[in-house]
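Along the sequence shown, residues are numbered consecutively beginning with 1. For the numbers below, each heavy atom of this structure counts, side chains included, while hydrogens, waters and symmetry mates do not. We count ligands from 1, going down the list as the structure has it; atoms in each ligand are counted the same way.
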Amino acid sequence: MANQKQQKNLKFLIYGKTGMIGGMLGKLCEEQGIPFEYGKARLEDRSQLVSDITGVNPTHVFNAAGATGTPNVDWCEFNKLETIRSNVIGALNLADVCEEKGVLLLYFGTGCIFDYDSEHSMGSGVAFTEHDKSNYDGSFYSKTKGMLEDPLGEYNNICILRVRMPLLSDLNHPRNFIKKILGYEKVVNIPNSMTVLDELLPMAIEMAKRNCKGIWNFTNPGVITHNEVLELYKKYVDPGLTWTNFTLEEQRKVLAAPRCNNQLDSSKLKREFPELLGVKESVIKYVFEPNSKKFDP
Ligand SMILES: NC(=O)c1ccc[n+]([C@@H]2O[C@H](COP(=O)([O-])OP(=O)(O)OC[C@H]3O[C@@H](n4cnc5c(N)ncnc54)[C@H](OP(=O)(O)O)[C@@H]3O)[C@@H](O)[C@H]2O)c1
């Protein structure tokens, strides 16, 4: 009962209605009976943001809006001003308005601001923590996201969730990492931190209820390689799957901007949610097992 009453006292305002994360958040709120509305404003329009927040009077705001590019972040290389307006000016506008109104903002950022380096080398198990500063700006998308973290981190009313290579049970979603790599002619094979959205997005809602603040590596513990993901797909979904690998140097030639690879340290999130699964267990439980029934021959 107390819990139901608590939910009624919540009111979420969510930006990113048409997006993958924003869409999933809205569905979760419906399932959990949490009152919410989607923001109508474009993030770069401060006066519209003020009118949204005044009209909705939310307890929490979620920013799942940003320029991510279609079909991928290469788009940002050719649309730099639009990217700055959404990912820098817009994100700061919303943080600033929320600060003025005294509302907690949960911002979906990215872990794609780090790349393996000599101190955090691939396979060493030395992962980037929430204290590390961005070391990767090789793509314009990552550059805008990295340059944003410093000023955003100065606000006291913000919870920054660093998402990476999102995996979800909807295997047809074009922004699902699995759907993406299945569509490539050739794939690299690198261990990376990833976010199993079906497990972690409900935790984002719980973090709002707990009024969590600061920076959080919002990924499952451990790393998984491209080939491990594809092997699981083959085991659970399509036994006939085949694929071809290529090197990072070969990958670089088919992209407008290089991509980063990294391991993020998820121990802060694990301390908050001891039940958090390692990335391999999570992807099996939340993504592949639910899909294996549908594809059972
Ligand atoms: N690096 C990673 O691995 C990673 C992965 C996933 C998510 N993320 C971060 O998480 C956030 C959400 O990602 P997503 O995958 O859900 O993105 P998505 O599917 O591309 O959706 C982006 C959403 O943002 C909205 N939007 C873009 N610019 C806007 C603006 N200026 N004002 C208002 N709305 C705007 C879009 O609406 P319109 O269509 O109307 O423009 C859309 O609803 C992004 O900021 C992304 O960077 C990072």
Side-chain angles (χ1 to χ4, degrees), residues 13-28 38-49 52-53 61-76 79-95 97 105-115 128 134 136-149 152 158-168 170 172-181 190 192-198 200-201 204 216-220 224 257-264 279:
L13 173 62
I14 303 173
Y15 288 91
K17 180 179 181 175
T18 57
M20 175 178 67
I21 292 180
M24 288 177 78
L25 271 180
K27 279 195 195 116
L28 283 170
Y38 280 113
K40 296 184 180 69
R42 300 306 290 175
L43 297 182
E44 54 273 40
D45 187 333
R46 188 182 174 105
S47 62
Q48 274 187 24
L49 290 175
D52 271 356
I53 293 179
V61 176
F62 287 84
N63 181 5
T68 57
T70 304
N72 59 46
V73 294
D74 277 348
W75 178 92
C76 300
N79 297 275
K80 290 188 173 174
L81 297 189
E82 288 90 328
T83 305
I84 290 172
R85 282 186 197 113
S86 298
N87 292 359
V88 184
I89 300 171
L92 279 171
N93 258 343
L94 184 56
V97 173
L105 171 68
L106 292 102
Y107 162 76
F108 289 94
T110 177
C112 287
I113 55 174
F114 297 105
D115 200 14
F128 292 95
S134 157
Y136 178 75
D137 63 2
S139 73
F140 195 71
Y141 168 82
S142 292
K143 190 173 184 171
T144 58
K145 294 286 185 173
M147 70 170 71
L148 179 69
E149 260 207 10
L152 268 192
I158 194 160
C159 176
I160 299 176
L161 302 172
R162 290 176 176 160
V163 177
R164 270 213 92 220
M165 296 181 160
L167 304 158
L168 57 151
D170 178 357
N172 287 317
H173 198 294
R175 291 189 51 73
N176 189 340
F177 174 78
I178 302 168
K179 172 86 174 168
K180 281 190 175 180
I181 61 173
I190 314 278
N192 270 289
S193 284
M194 300 194 191
T195 304
V196 179
L197 287 178
D198 300 77
L200 269 75
L201 280 191
W216 299 75
N217 287 340
F218 201 58
T219 50
N220 291 85
I224 189 165
R259 303 295 193 265
C260 57
N261 296 284
N262 66 47
Q263 178 171 1
L264 299 185
V279 64

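Looking only at heavy atoms of the protein, atom 16 (O) of ligand 1 is closest to Ile21 N, 2.8 Å. With hydrogens left out, the protein atom closest to atom 15 (O) of ligand 1 is Arg175 NE, 2.7 Å, a heavy atom. Of all protein heavy atoms, the one closest to atom 11 (C) of ligand 1 is Phe108 O, 3.7 Å. In terms of protein heavy atoms, atom 2 (C) of ligand 1 is closest to Thr110 OG1, 3.4 Å. For atom 31 (N) of ligand 1, the nearest non-hydrogen atom of the protein is Glu44 OE1, 2.7 Å. Ranking the protein heavy atoms by distance from atom 21 (O) of ligand 1 puts Gly19 CA, 3.2 Å first. In terms of protein heavy-atom proximity, atom 39 (O) of ligand 1 is nearest to Thr18 OG1, 3.2 Å. Of all protein heavy atoms, the one closest to atom 29 (C) of ligand 1 is Arg42 NH2, 3.3 Å.
Both the backbone and the side chain of Leu43 come within 4.0 Å of ligand 1, judged by heavy-atom distances. Residue contacts with ligand 1 for Ala65 involve both N, CA, C or O and side-chain atoms from C-beta outward (heavy atoms, distance under 4.0 Å).
Of the listed residues (Ser142, Gly22, Gly23, Ala64), the one carrying the non-hydrogen atom nearest atom 23 (C) of ligand 1 is Ala64. By heavy-atom distance, the residue among Gly109, Gly66, Pro166 lying nearest atom 8 (N) of ligand 1 is Gly109. Closest to atom 28 (N) of ligand 1 by heavy atom, among Ser86, Gly16, Gly111, is Ser86. Considering each of Arg259, Lys145, Met20, the one bringing a non-hydrogen atom nearest atom 45 (O) of ligand 1 is Lys145.
Inspection of the Asp52 and Tyr15 side chains reveals an N or O donor paired with an N or O acceptor under 3.5 Å.
Residue Tyr141 places a heavy atom under 4.0 Å from ligand 1. By the 4.0 Å heavy-atom criterion, Arg85 is excluded from the residues contacting ligand 1.
Near Cys112, meaning under 4.0 Å from any of its heavy atoms, are these atoms of ligand 1: 1 (N), 3 (O). Set against the non-hydrogen atoms of Arg164, the atoms of ligand 1 under 4.0 Å away are 3 (O).
Ala67 approaches Ser86 most closely through the heavy-atom pair N-CB, 3.8 Å. When all heavy atoms of Val196 and Asn220 are compared, the pair lying nearest together is N-OD1, 2.9 Å.
For the pair Asp170/Met20, no side-chain contact is recorded, criterion being any heavy-atom separation below 4.5 Å from C-beta on. The closest side-chain heavy-atom distance from Arg259 to Asp74 is below 4.5 Å. The side-chain heavy atoms of Pro258 and Tyr136, taken from C-beta on, include a pair separated by under 4.5 Å. Side-chain contact between Lys143 and Thr83 is absent, with no heavy-atom pair separated by less than 4.5 Å.
Around atom NZ of Lys180, more than 12 heavy atoms belonging to other residues, nucleotides or ligands sit under 6.0 Å away.
Tyr107 pairs in a side-chain contact (heavy atoms from CB on, under 4.5 Å) with only one of the listed residues (Leu94, Leu161, Leu148), which is Leu148. The residue from Thr195, Ile113, Thr110, Thr219 that alone fulfils the side-chain contact (heavy atoms from CB on, under 4.5 Å) condition with Arg162 is Ile113.
Residue-to-ligand polar distances place Met165 within reach of ligand 1: an N/O pair is separated by less than 3.5 Å.
Under a 3.5 Å cut-off, the side chain of Asn261 and the backbone N or O of Asn192 do not form any donor-acceptor pair.
A parallel orientation is assigned to the rings of Phe62 and Phe108, their planes being inclined by less than 30° (bins at 30° and 60°).
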